Amino acid sequence: MKKLLLMGSPNIGKSAFFSRLTGVHVDTSNYPGTTVGYSKGYVKLGDEAAEVIDVPGTYTLEPLSKAEEVATEMLKEGDIVINVVDSTNLERNLFLTLQLMERGIPMLIALNLWDEAKHKGIDIDYKKLESLLGVPVVPTVAVTGEGMKEIIGCISQAAVVDTLNRSHDELWAEVGRIVEQIQTVRHRHHTLLERLEDASIKPFPGIPIAIAVLVGSFYLIRLIGESLIGYVFEPLFEKLWAPLMMHLSDALGGGGFVHDVFIGELVAGEIDFTQSFGILTTGLFIPFGAVLPYVFAFYLVLGFLEDFGYLPRVAVLMDTIMHRIGVHGFAIIPTLLGFGCNVPGILATRVLESKRERFIVATLISIAVPCAALQAMVIGLVGDVGLQYVVLVYVTLFTVWLLLGLILKYTVKGFTPELLIEIPPYRLPSLRILSKKLWMRIKHFLKEAVPIVIAGILVVTLLYAAGIFDYIADFFSPLVSGLFGLPKEAAAAIAIGFLRKDMAVGMLGTLSLSAGQLVVGSVVLAMFFPCIATFVILFKEMGLRRMLASTGIMIASALAVGGALNLIIP
Amino acid sequence: MTLEEMDAGQRGTIVEVEGGQGVVRRLSSMGLRAGKAVTKVSAMLMWGPVTVRVDNSQIALGHGMAKKIHVKLEK
């Protein structure tokens, strides 16, 4: 089968192009480096199928970064290259085009972001470009699908024309000659979005804007999450599901082992979705009723900020602060992703250049960045005793993040390179792509969470029935009661935290803790052991040694902070 | 004069980019090389990154790198 490679600079819509070409959805965002691994798909060319590979974005063919190394390696295996070019930055992109042509692989060119170039007053004579270069050139708009049919039609005409070996200076001179002949730029006034682009990257008003965006996002997420719970999910569970489950409970005789597994314990003769702990009651309520609304709200807001192009600006604004903890500003993007789920956050640390930065950021995410599932439960449970306690949990975790970062900066060897990133233009996100991305993330959450919560509840019920939890509780009581000031039964919740944090917080909810104990419990759960999915990803990304180091830091800091909080909070 | 010393809003032409081959090539592939017109957009406080506009894109680069890019101010 023929191999088609999609190649081009970072952040020019290659992944959207790939989705259009193959029908396979891949993650896209408006910042450079979304594609760190590569995706494969297939396209039909006549009766033949061809493999399409979405190669990570590169500015040149010299392997200067990890993504570029991957790209140069993959180039050796390709049969045809589709060079995706950013029409709004023709000069810079054509440099890569000429370099690719020198490699002697049949090639064709997609002038992507064609609509944006028109808006910016850039006219490109693409027919002339075609005759100058000698390979097919097609204007495209990947987001809407414009030009995709034409591209597929042109693949058979992909050509090799030059295999010269020019120096950098000669290449740049050649690019200059070409651009002069085919591009005209009309002068026009700055649009509102462009003025906003400049404003949000200046210290003033950039920093106030950033604070407003972050605070606004938090409130918006909470508003959407709470409204969905209050008006949709709770009524569904209470009005529809509870009566059904009561019938089942009666049918199972209102008690006994089977009843406990499916329904759990009745509280005052009723089902309590947060206390009963049966597979069909709490097991469904935690992922669907309590967490899903927040996961939806979080990824809705994050997806918008990503596709709008705001996040790299936060990276620039935060760079000075982030250097204090030994990483550069771009590390804020994996960190923000970690607030949804630690797993994609840690995966995203691949965009960072040095091993040291990757270790610091991944460790900080797994310790001090609570995922959406955990946050949803904490807001629900701790929020019941007072919002100030929720704030206390967040403030504690933020302090841990900062202090631990400072410590890691001075103890982890290695270097931190300077920031060098392209700031994307603001783009109004496409509703189709936004909703597709949201759906993919929600699907991923449900696939991950539902089986584990249900299996976890089964394990908990079995361990309780076998009396093993009593044993665990007794064994760890000096730690749990002595150090953290929690009832010894909380040991079971901390142990379950290894499976899923949201469920563990749910277990804390059954222990009737005081407000202070809830804060200590939530912080300890957030910091102690990452859930199993995070554990696996830490191991895969960093190797055994670094993963163990990360875990050591985690245990030590969770013990220290949990103990300290217990002493401080009355 | 260097990019670092320029004021926000000033325009100029790059005359020289100092540094190792790796950095120079990376910068030039992003549009920052001798002969290009740049506009400084902003600089963060406390030796933070400098943002410039070159062609149709904005590039943010560390303070240290900005010091190594020499420009001739437009009159």
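These figures come from a predicted structure and were not determined experimentally.
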Chain A contact via B/K36 - which portion, at a heavy-atom distance below 4.5 Å
side chain
Contact winner vs chain B - A/I201, A/T88, A/I321, heavy-atom pairs under 4.5 Å
A/I201
For a 4.5 angstrom cut-off between non-hydrogen side-chain atoms, does A/T60 reach B/R25?
no
Heavy-atom side-chain contact between B/N56 and A/I122 under 4.5 Å:
yes
For a quick test of reading the model, state the closest non-hydrogen atom pair linking A/E422 to B/I59 and the distance between them.
CG-CD1, 4.1 Å
pair B/V54-A/R92: side-chain heavy atoms closer than 4.5 Å:
no
In terms of heavy-atom proximity below 4.5 Å to chain B, should A/K120 be classed as side chain, backbone, both, or neither?
side chain
May I ask you to test the B/L27-A/L420 pair for a side-chain heavy-atom distance under 4.5 Å?
yes
Contact leader toward chain B among A/D319, A/L317, A/D198, where contacts are heavy-atom pairs under 4.5 Å
A/D198
Using a cut-off of under 4.5 Å on heavy-atom pairs, state which of B/G48, B/G64, B/A60, B/G62 scores highest against chain A.
B/A60
Shortest non-hydrogen contact from B/S29 to A/W172?
CA-CZ2, 3.9 Å
So does B/M1 have more than 12 non-hydrogen atoms from other groups sitting under 6.0 Å from CE?
yes
Of the listed B/A8, B/G31, B/S28, the one with the largest count of heavy-atom pairs under 4.5 Å with chain A is B/S28
Where on B/T51 is there a heavy atom nearer than 4.5 Å to chain A: the side chain, the backbone, both, or neither?
side chain
Looking at A/E91 and B/R33, is there a salt bridge between them, counting it only when a charged N and a carboxylate O are closer than 4.0 Å?
yes
A/E197/B/R53 ion pair, N-O < 4.0 Å:
yes
CD of A/E418 to NZ of B/K68: how many Å apart, nearest 0.5 Å?
8.0 Å
Looking only at non-hydrogen atoms, find the nearest pair between A/T320 and B/M44 and report the distance.
OG1-CB, 4.3 Å
Side chain, backbone, both or neither: which part of B/A43 has an atom under 4.5 Å from a heavy atom of chain A?
backbone
